[in-house]
Number of protein chains: 2
Amino acid sequence: MPDGLKPLKVSYHHGDLPQQAHQLALEILREHGDAAISLRALAKQIGVSAPALYRHFIDRESLLAELAVTGFEALRERLLAVDQSAPRRALIDIGLVYVSFAQDEPNLYRLMFGGRVLPKGVHPRLDTAGKGAFQVLEDTIARAQKVGYIKPMPLALMTAAAWSLVHGLSQLTIDGHLPSADAAPQLTEGVVTLLLDGSLADNEQHKDTTT
Amino acid sequence: MPDGLKPLKVSYHHGDLPQQAHQLALEILREHGDAAISLRALAKQIGVSAPALYRHFIDRESLLAELAVTGFEALRERLLAVDQSAPRRALIDIGLVYVSFAQDEPNLYRLMFGGRVLPKGVHPRLDTAGKGAFQVLEDTIARAQKVGYIKPMPLALMTAAAWSLVHGLSQLTIDGHLPSADAAPQLTEGVVTLLLDGSLADNEQHKDTTT
DNA sequence: GAATGATGTTATCATCGTTAACAATGTTAT
DNA sequence: ATAACATTGTTAACGATGATAACATCATTC
């Protein structure tokens with residue numbers, strides 16, 4: 001039998017299927033969103049049969065969960081890189097970095113926080129990865145509070161406010177809901193500043209702080 | 001031919017397919033999320049063939065868009081019902097109503113703001129419905145500003161901040177990301193209050209307001 | 001060198017959104 | 001009244017998806 005007619009495939013086993021599937025899926029996610037990820041198409045592109053993927057991923061959702069985990073880890077790294085020397089600047093920069101991450105990777109960010117596609121409590125690694133990113137934000141706030149830059153108040157309250165603000169701003173800008181959706185960093189900075197300094201007119205600042 | 005053997009269906013035409021489909025789809029959405037909406041299952045439950053639905057809805061996405069429209073209209077009505085006499089109270093109440101709407105109808109809210117399932121600019125009625133709800137929030141802020149309760153600043157900035165805050169808080173609580181996800185109204189009130197009064201310690205309040 | 005477990009393959013199922021071709025019904029003009 | 005037309009249903013079928021079962025191949029280990 002001439003060599004030319006032998007099947008081209010050298011090895012029956014692929015050798016690196018999980019890693020390559022993860023990588024390719026991540027690229028498809030970033031370019032076309034999670035809905036565009038099809039296990040069949042994925043397998044075909046890699047040159048492997050579709051059920052082979054099920055040897056490495058329990059199901060489609062688990063694959064998506066892994067992608068979201070890498071997303072949270074990337075976000076955490078970016079947040080850890082901000083300078084923490086000056087409390088005010090650190091708080092603002094944390095917000096800037098957070099929102100710009102969402103704007104750089106909108107599809108990845110949507111997957112990370114798409115409550116309906118990746119329900120909480122189902123993928124433990126995902127939950128801990130999310131906690132990890134959240135922790136950086138909370139630590140920054142706690143530091144500012146310990147230094148006395150921020151009001152004494154329940155840490156959970158300030159954290160909830162800050163996270164809600166940057167998360168909401170991220171979500172609204174990447175979905176085009178905000179009129180000034182130019183993704184302008186100055187919008188983010190202005191919004192974060194409002195949370196720090198407040199929105200009241202000067203003459204209203206210290207009268208009627210009871211809610 | 002005895003009457004008992006005649007087909008039970010009285011009329012060939014259904015008569016109210018669009019309305020009934022909309023209603024049933026809305027119930028399924030509210031209980032099981034948008035992913036659970038299948039046109040085939042919908043048609044079967046109504047007692048009609050699947051392609052019949054395409055006489056009234058261009059495709060599945062258009063049906064979902066109609067559901068989201070009703071969601072925005074419901075949200076707008078709730079927001080319009082808050083008392084606007086006192087500016088501070090109005091601002092806080094707007095936030096409370098907004099977040100509690102999301103918590104009452106998490107699946108509907110997720111559909112309304114699920115950027116990947118209902119892309120912006122594709123369904124005009126959806127975009128205008130969204131604008132309508134947003135307008136109430138903006139009007140409330142503009143009113144507070146005109147009275148002098150709120151700092152003079154670009155309206156778009158304050159609006160972006162307020163909307164980001166309540167939207168982010170809604171999203172995070174309904175997806176269980178916030179530790180104190182008890183949906184406690186006091187959390188919302190505290191968070192909105194922070195945006196109004198600011199987060200700085202008293203001794204920091206009026207020094208270094210430059211960003 | 002046989003047994004074993006990991007990792008692929010093919011075959012198959014159920015489901016889905018969607019379209020095409022056709023049938024029944026309601027409406028309107030002649 | 002009836003012929004033409006528009007509306008709204010029907011069945012049949014296509015292509016794609018996630019998922020499972022049964023079987024094949026390969027690497028490793030006793």
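Everything numeric here is computed off the predicted structure, so don't read it as measured data.
- Looking at heavy-atom distances under 4.0 Å, B/I37 makes contact with sugar-phosphate atoms alone, never a base.
- One finds no salt bridge joining B/R116 and A/D175 here, because no Lys/Arg side-chain nitrogen approaches an Asp/Glu carboxylate oxygen to under 4.0 Å.
- The pair B/R89-B/E189 meets the salt-bridge criterion, since a charged nitrogen lies less than 4.0 angstrom from a carboxylate oxygen.
- Residue A/S38 places at least one side-chain N or O closer than 4.0 Å to OP1 or OP2 of D/dG18.
- Listed for the A/E138 side chain is no donor-acceptor partner under 3.5 Å among the backbone atoms of A/T159.
- The residues A/R88 and A/D93 are annotated as not salt-bridged, no charged nitrogen and carboxylate oxygen being separated by less than 4.0 angstrom.
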side-chain contact (heavy atoms from CB on, under 4.5 Å) between B/V136 and B/I94, worked out: CA-CA 9 Å; B/V136 183; B/I94 281 274; 4.3 Å; yes

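- For the pair B/I58 CD1 and C/dT19 P, the interatomic distance rounds to 11 Å; values are reported in whole Å.
- The partner of C/dT30, taking Watson-Crick or G-U wobble pairs whose two distances both stay under 3.5 Å, is D/dA1.
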Return the polar atom pairs (N/O with N/O) between nucleotides 11-13 of chain D and the protein under 3.5 Å, or none.
none

Worked check of ring pair (Phe, Tyr, Trp, His ring centres under 6.0 Å) between B/F134 and A/H177: CA-CA 9 Å; B/F134 167 78; A/H177 284 113; 9.6 Å; no

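- Among the nucleotides D/dC23, D/dG9, C/dT18, the one closest to any side-chain atom of A/R55 is D/dC23.
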